[in-house]
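A, B, ... follow the sequence lines: proteins, then strands. Residue 1 opens every chain.
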There are 2 protein chains.
Amino acid sequence: MELGKLYKCLCDVQRLRIVNLLMQGALCVCHLQEILDESQVKVSKQLQYLKKMGLVSAQREGMWMVYSLNKPFHPLLVANIQASLVLRDEYPFFAEDLIKRELILKRFTENRAECPKVVYQSCENKG
Amino acid sequence: MELGKLYKCLCDVQRLRIVNLLMQGALCVCHLQEILDESQVKVSKQLQYLKKMGLVSAQREGMWMVYSLNKPFHPLLVANIQASLVLRDEYPFFAEDLIKRELILKRFTENRAECPKVVYQSCENKG
DNA sequence: TTAGTATATTCTAATACAGATATATACAGA
DNA sequence: TCTGTATATATCTGTATTAGAATATACTAA
């Protein structure tokens with residue numbers, strides 16, 4: 001992947017947070033929206049951007065559009081997310097978002113109807 | 001430093017290459033121009049951009065403007081450059097630029113008049 | 001002072017992007 | 001078919017960025 005493109009994906013904090021989240025597994029728009037506390041339009045647009053750049057893919061499941069980070073993950077993507085997670089004093093939202101994600105996934109185990117299969121599966125894979 | 005800003009600095013390949021080079025030591029515009037094989041205006045503008053973003057500083061020495069990467073280097077900057085250097089099959093220009101830089105510095109040892117002191121010193125420091 | 005070298009600025013036009021608002025589509029269930 | 005939920009698209013506005021060309025500045029040396 002072209003380097004300029006890659007960094008363009010990361011140079012918006014919302015997108016950066018989305019990438020961080022998707023690296024843990026697929027998520028649908030509404031849950032990204034919930035975690036990022038952003039409007040639907042904004043989240044959807046950023047996802048379109050990431051899709052246009054070839055970083056993510058979308059997959060419909062019923063009402064939901066499930067987005068996932070394309071594999072294999074680019075080494076630089078991994079390096080950046082890992083490095084950012086380490087700098088949690090300066091950029092706490094990375095870790096915080098992952099916690100919010102965990103809570104949502106936990107909620108799913110109680111009410112599976114709230115969540116697309118794909119997301120649930122990626123949750124189960126994690127153990 | 002704000003993350004968005006940092007990645008904006010990196011999302012242009014010329015700027016990325018400049019950062020890679022400056023991480024090794026200060027350089028003046030004309031030598032960056034030579035290594036990147038770009039027009040003076042473009043190189044100068046990218047340097048202004050990086051300066052505006054707070055990533056580099058400029059220092060005049062005679063005819064030359066010497067640019068250096070502000071310290072301390074941001075951990076994410078270091079992580080990205082290191083990771084990019086490792087991926088030399090995909091992004092060979094990083095390593096190539098460093099070789100060109102070495103050649104220029106070697107040229108300076110033969111003709112010191114061609115080079116500002118600051119650059120020469122950073123060259124000597126390296127061994 | 002003049003010429004030459006190194007660098008920066010200004011102008012214009014093109015493009016990309018972000019935010020807001022409104023509207024449209026896709027699907028599920030009654 | 002109607003309703004609600006989830007998601008996407010369109011439009012407009014403002015701002016940021018980029019490129020190229022021309023010009024200006026800063027300094028050196030003669």
Please give, in whole Å, the distance from [N] [atom2] to [X] [atom1]?
{"X": "Met65(A)", "N": "dC27(C)", "atom1": "CE", "atom2": "C1'", "result": "12 Å"}
{"X": "Trp64(B)", "N": "dA8(C)", "atom1": "CH2", "atom2": "C1'", "result": "18 Å"}
{"X": "Gln48(B)", "N": "dT10(C)", "atom1": "CD", "atom2": "P", "result": "11 Å"}
{"X": "Leu50(B)", "N": "dA8(C)", "atom1": "CG", "atom2": "C1'", "result": "15 Å"}
{"X": "Leu27(B)", "N": "dT7(C)", "atom1": "CG", "atom2": "P", "result": "11 Å"}

So what does [X] hit on the nucleic acid, given a heavy-atom distance under 4.0 Å: a base, only sugar-phosphate, or nothing?
{"X": "Val41(A)", "result": "base"}
{"X": "Lys42(B)", "result": "sugar-phosphate"}
{"X": "Lys52(A)", "result": "sugar-phosphate"}

Practice prompt. Examine dT7(C): is either OP1 or OP2 under 4.0 Å from a nitrogen or oxygen in the side chain of Ser44(B)? Give yes or no.
Written response: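 No, because none of the side-chain N or O atoms of Ser44(B) sits under 4.0 Å from OP1 or OP2 of dT7(C).
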Discussion item. Measuring to OP1 and OP2 of dT9(C), would you say a side-chain N or O of Tyr49(B) lies under 4.0 angstrom away?
Written reply: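 No, Tyr49(B) has no side-chain N/O under 4.0 Å of OP1/OP2 on dT9(C).
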Item to complete: For DNA chain D, note the earliest and the latest nucleotide, 5' to 3', having some atom under 4.0 Å of a heavy atom belonging to chain B.
Response: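 From 5' to 3', the first and last contacting nucleotides are dT17(D) to dT28(D).
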Worksheet entry | Working for salt bridge (Lys or Arg N to Asp or Glu O under 4.0 Å), residues Arg17(B) and Glu96(B) | CA-CA 10 Å; Arg17(B) 292 170 67 184; Glu96(B) 284 166 13; over 6 Å; no
Using every non-hydrogen atom in the two residues, find where [X] and [Y] come nearest and quote the distance to one decimal.
{"X": "Gly4(A)", "Y": "Val13(B)", "answer": "N-CG2, 4.0 Å"}
{"X": "Val56(A)", "Y": "Leu47(A)", "answer": "CG2-O, 3.9 Å"}
{"X": "Tyr91(A)", "Y": "Met1(B)", "answer": "OH-O, 2.6 Å"}
{"X": "Leu85(A)", "Y": "Ala95(A)", "answer": "CD2-N, 4.0 Å"}

Worksheet item: Start at the 5' end of DNA chain C and walk down; is the nucleotide closest to Glu61(A) or to Cys28(B) reached first?
Response: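 Final value for this comparison: Cys28(B).
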Worksheet item: Which comes earlier along DNA chain C counting from the 5' end, the contact point of Lys45(B) or that of Cys30(B), where each point is its nearest nucleotide?
Response: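 The residue closer to the strand's 5' end, by nearest nucleotide, is Cys30(B).
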Worksheet item: Could you walk me through whether Asn20(A) and Asp97(A) pass the side-chain hydrogen bond (donor to acceptor under 3.5 Å, both in side chains) check?
Response: CA-CA 8 Å; Asn20(A) 174 44; Asp97(A) 287 348; 5.0 Å; no
Item to complete: Measure the OG-OH distance between Ser44(A) and Tyr49(A) for me, rounded to the nearest 0.5 Å.
Response: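 One gets 15.5 Å once the value is rounded to the nearest 0.5 Å.
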Going hydrophobic residue to hydrophobic residue with side-chain gaps under 4.5 angstrom, can you get from [X] over to [Y]?
{"X": "Val29(A)", "Y": "Met23(A)", "answer": "yes"}
{"X": "Val86(A)", "Y": "Phe93(A)", "answer": "no"}
{"X": "Leu103(A)", "Y": "Leu98(A)", "answer": "no"}

Item to complete: Return the residues of residues 9-22 of chain B meeting this criterion: a heavy atom under 4.0 Å from some atom of DNA chain C. Order them by number, or give none.
Response: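 Here the set is empty: none.
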Item to complete: Return the nucleotide paired to dA30(C): Watson-Crick means purine N1 to pyrimidine N3 with N6-O4 or O6-N4, wobble means G-U with N1-O2 and O6-N3, both under 3.5 Å.
Response: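 Pair assignment: dA30(C) / dT1(D).
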Discussion item. Between the base of dA6(C) and the side chain of Gln40(B), is there a donor and acceptor pair under 3.5 angstrom?
Written reply: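 Not at all, since no donor on one side and acceptor on the other fall under 3.5 Å apart.
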Item to complete: Return the 5'-most residue of the pair Gln46(B), Gly62(B) with respect to DNA chain D, ranking by each residue's nearest nucleotide.
Response: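 Nearest-nucleotide comparison on DNA chain D picks Gln46(B).
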Worksheet entry | Closest to the Met63(A) side chain, choosing from dT9(C), dA28(C), dT7(C) |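 So the side chain of Met63(A) is nearest to dA28(C).
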